[in-house]
Amino acid sequence: MGAATNRVIPVFGGTANTQGLPENETTFAEVLKQKGYSTGIIGKWHLGGNCHTYGDFCHHPNNQGFDFFYGMMTSNNRDFGPDGDTVVWLIYPTLRQNLVIGLLVGLASAYFLKRRGILGLPGFLLLAGVSILVPGFIYWLLTHVKMLNSTILRNKELLEQPAVFDNMTQRLVNEGAEFIERRMEDKKPFLLFMSWLQVHTFLHTAKEFEGKSKHGPYGDNVEEMDWGVGEIMKVLERNGMKENTLVYFSSDNGGHLEEKTLEGYQAGGYNGIYRGSKFQSGQDGGIRVPTVAMWPGHIPAGIEVHEPTSQMDFLPSISSITGAPLPDDRVIDGKDIMPLLRGEPAVSPHEILFHYCGVWIHAARYRPRTGDDVYKLHYAWPNWLPGTEQCTWACSCLNHHTWLEHPKLFNVAKDPGEKHEINPSSEEYRDILHIINQAKAEHKKTIEPVPNQFDLIKMMWRPWLQPCCNFPTCTCRDPKYDKTGA
């Protein structure tokens, strides 16, 4: 769960700004609560926290339909590891030099203006102080990301800061198991969203999984998360729930090819034949992910679905299953995909899928109502580094893309690797371009303006929103899992 913009990092930032999921949005948890479901999310939230004061929790999962929350308000981040690695210097490699240059220029300016008599002693001291404090404060913020942003909460209680990852997956499994077993006691139907902190840098792995995979630390992470999923499945089976529970496993993005550890290991996955990387919202390497669903008696075992679908489809699909009504005051872009999952002969309920990067449509996918063809049209194309399908760390929506005078068209049903472009002078190209452009124009009529959650003011760090246990050290451990006795 996240949100995108045109900036380099298309996700919400830290714990002490006002970015977040607007309160008027309806989550799938809120939809199911209409039918008496007990709802929980364990792991990553990453959709904001507070608005005006620390503790108002306007964006908190407990205020967005989830009865129970255990986990991180942000995402896992490579800054949270023990090796001192940080994403900031990767994105802005010259930032440290720029801060030093800003400091020196400020001090030199203060000295020059004082020598020329333009500034008196108070003005000199003020300018020199600002020249030191501003870059110094920025540097302090950027080098304390772990302390400021890696927090663990149970519901609205701050339990741990900074987060300790040594046994994190085991903790998430335990919290998930306890949530399920509480439902055995109260006999309520439930929604449990296991929002795993793996696989994501930094690559934290319990000792029993270190070296288990031939694919290095990334593979070890996959092995451990696979174990975690298996443990949750065992809890369902042990409590007699497996036969009457829909299990839906998926991912929010493709592999991040640019991501490497300090030792040079590939830390962001692999996209096979699909082009591009995470953050490239028009490229299938960034957005095409596998999904596995299980519901005995409703979803036949062993079937495969090759039709285009979207994560947006989860909301209307669970509405169809449970009879919970969807909001009727907005356009719902997702579709009910249960006929596809039941193995019924059907094409995708999406004739057109638009692939957004931030607020821009970078690509669109067209599934004709007959035949097997699926067309993909690219309006924008990444400015990859020579010889790669990568940018320096991530391809931003605008700065690292070129808008195409003649959009690229592929038939991804026959050419999933998008290697053979359909000739722009062909009748096929002209027909498909017309259909998609017409649908795009109609789609844009349904878009309503909303407050920009990536406004610079919203993104600014606010000290009064900063979580801090045991001020001023901002250090504490979740007593339930603290093995040190600290």
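Basis for what follows: all heavy atoms, side chains included, without hydrogens, waters or symmetry-related copies. No experiment lies behind these values; they were computed from the predicted model shown.
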Participant: Looking at L148, is its backbone amide N or carbonyl O close enough to the side chain of T15 to form a donor-acceptor pair, meaning the two atoms are under 3.5 Å apart?
Facilitator: yes
Participant: Sequence neighbours excluded, which residues qualify as side chain to side chain donor-acceptor pair (under 3.5 Å) partners of S131?
Facilitator: none
Participant: Would you say Q161's side chain and P467's backbone share a donor-acceptor pair under 3.5 angstrom?
Facilitator: yes
Participant: For D284, is there an ion pair with R365 - N to carboxylate O distance below 4.0 angstrom?
Facilitator: yes
Participant: For G43, is there any backbone N or O sitting under 3.5 Å from a side-chain donor or acceptor partner on S195?
Facilitator: no
Participant: Are the side chain of N77 and the backbone of F202 linked by a donor-acceptor contact shorter than 3.5 Å?
Facilitator: no
Participant: Taking the side chain from T27 and the backbone from Q64, do they hold a donor-acceptor pair closer than 3.5 Å?
Facilitator: yes
Participant: Using a 3.5 Å distance criterion without hydrogens, assess whether the side chain of D478 forms a donor-acceptor pair with backbone atoms of L159.
Facilitator: no
Participant: Is T94 reaching over with its side chain to a backbone N or O of Q97, donor-acceptor style, under 3.5 angstrom?
Facilitator: no
Participant: For D166 and K207, what are the C-alpha separation, side-chain angles and deciding distance, and is it a salt bridge (charged side-chain N to carboxylate O under 4.0 Å, His left out)?
Facilitator: CA-CA 8 Å; D166 293 345; K207 290 193 179 298; over 6 Å; no
Participant: What pairs of donor and acceptor atoms, side-chain ones from residues 308-316 against any protein atom, are under 3.5 angstrom apart with sequence neighbours left out?
Facilitator:
residue: S310; atom: OG; partner: M312; partner atom: N; Å: 3.0
residue: Q311; atom: OE1; partner: Y248; partner atom: OH; Å: 3.4
residue: Q311; atom: NE2; partner: S250; partner atom: OG; Å: 2.8
residue: Q311; atom: NE2; partner: S251; partner atom: O; Å: 2.7
residue: D313; atom: OD1; partner: K335; partner atom: N; Å: 2.8
residue: D313; atom: OD1; partner: H350; partner atom: NE2; Å: 2.6
residue: D313; atom: OD2; partner: S310; partner atom: N; Å: 2.8
residue: D313; atom: OD2; partner: H350; partner atom: NE2; Å: 3.2

Participant: So which pairs with a foot in residues 115-160 pass disulfide (SG to SG under 2.5 Å), sequence neighbours left out?
Facilitator: none
Participant: For S277 and E389, what are the C-alpha separation, side-chain angles and deciding distance, and is it a side-chain hydrogen bond (donor to acceptor under 3.5 Å, both in side chains)?
Facilitator: CA-CA 7 Å; S277 176; E389 295 190 354; over 6 Å; no
Participant: Centre-to-centre under 6.0 Å for W196 and F249, is that the case here?
Facilitator: no
Participant: Does the pair Q283 and W384 meet the rule for a side chain to side chain contact (heavy atoms under 4.5 Å, CB included), with working shown?
Facilitator: CA-CA 12 Å; Q283 300 294 324; W384 288 320; 4.0 Å; yes
Participant: Any chance the rings of F279 and W393 have centres within less than 6.0 Å?
Facilitator: yes
Participant: Should K44 and Q198 count as side-chain neighbours, where that means a heavy-atom distance under 4.5 Å?
Facilitator: no
Participant: Applying salt bridge (Lys or Arg N to Asp or Glu O under 4.0 Å), which residue pairs with at least one partner in residues 437-447 are found, sequence neighbours left out?
Facilitator: E442-K445
Participant: So, the side chain of K408 versus the backbone of A380: is there a donor-acceptor pair under 3.5 Å, distance only?
Facilitator: no
Participant: Does anything in residues 100-127 form a side-chain hydrogen bond (donor to acceptor under 3.5 Å, both in side chains)? List the pairs, not counting sequence neighbours.
Facilitator: Y111-R115
Participant: Shorter than 2.5 angstrom, is that how the SG atoms of C397 and C357 come out?
Facilitator: yes
Participant: Would F179 and Y70 count as a close aromatic pair, with their ring centres under 6.0 Å?
Facilitator: no
Participant: According to the interplanar angle, ranging from 0 to 90°, do the rings of F66 and F28 count as parallel (below 30°), tilted (30 to 60°) or perpendicular (above 60°)?
Facilitator: perpendicular
Participant: Could you walk me through whether E25 and R330 pass the salt bridge (charged side-chain N to carboxylate O under 4.0 Å, His left out) check?
Facilitator: CA-CA 10 Å; E25 289 293 344; R330 67 202 68 184; 3.8 Å; yes
Participant: Look at the rings of H362 and H401 and say which category their plane angle falls in: under 30° parallel, 30 to 60° tilted, over 60° perpendicular.
Facilitator: tilted
Participant: Is it true that a side-chain atom of E160 and a backbone atom of I152 form a donor plus acceptor pair closer than 3.5 Å?
Facilitator: no
Participant: Assess whether a salt bridge exists between K214 and D220, defined as any Lys/Arg side-chain N lying under 4.0 Å from an Asp/Glu carboxylate O.
Facilitator: no
Participant: Is there a donor-acceptor pair under 3.5 Å between the side chain of N50 and the backbone N or O of N17?
Facilitator: no
Participant: Got a salt bridge between K480 and E175, using NZ or NE/NH1/NH2 to carboxylate O under 4.0 Å?
Facilitator: yes
Participant: Side chains of T169 and M225: does their closest heavy-atom pair fall under 4.5 Å?
Facilitator: no
Participant: Using side chain to side chain donor-acceptor pair (under 3.5 Å) as the criterion, list what pairs up with T74, not counting sequence neighbours.
Facilitator: none
Participant: F68 ring centre to R182 NZ or CZ under 6.0 Å, with the angle to the axis within 45°?
Facilitator: yes
Participant: What about the rings of F57 and H59, do their centers lie closer together than 6.0 Å?
Facilitator: no
Participant: Can you tell if the side chain of V173 reaches within under 4.5 Å of the side chain of W227, non-hydrogen atoms only?
Facilitator: yes
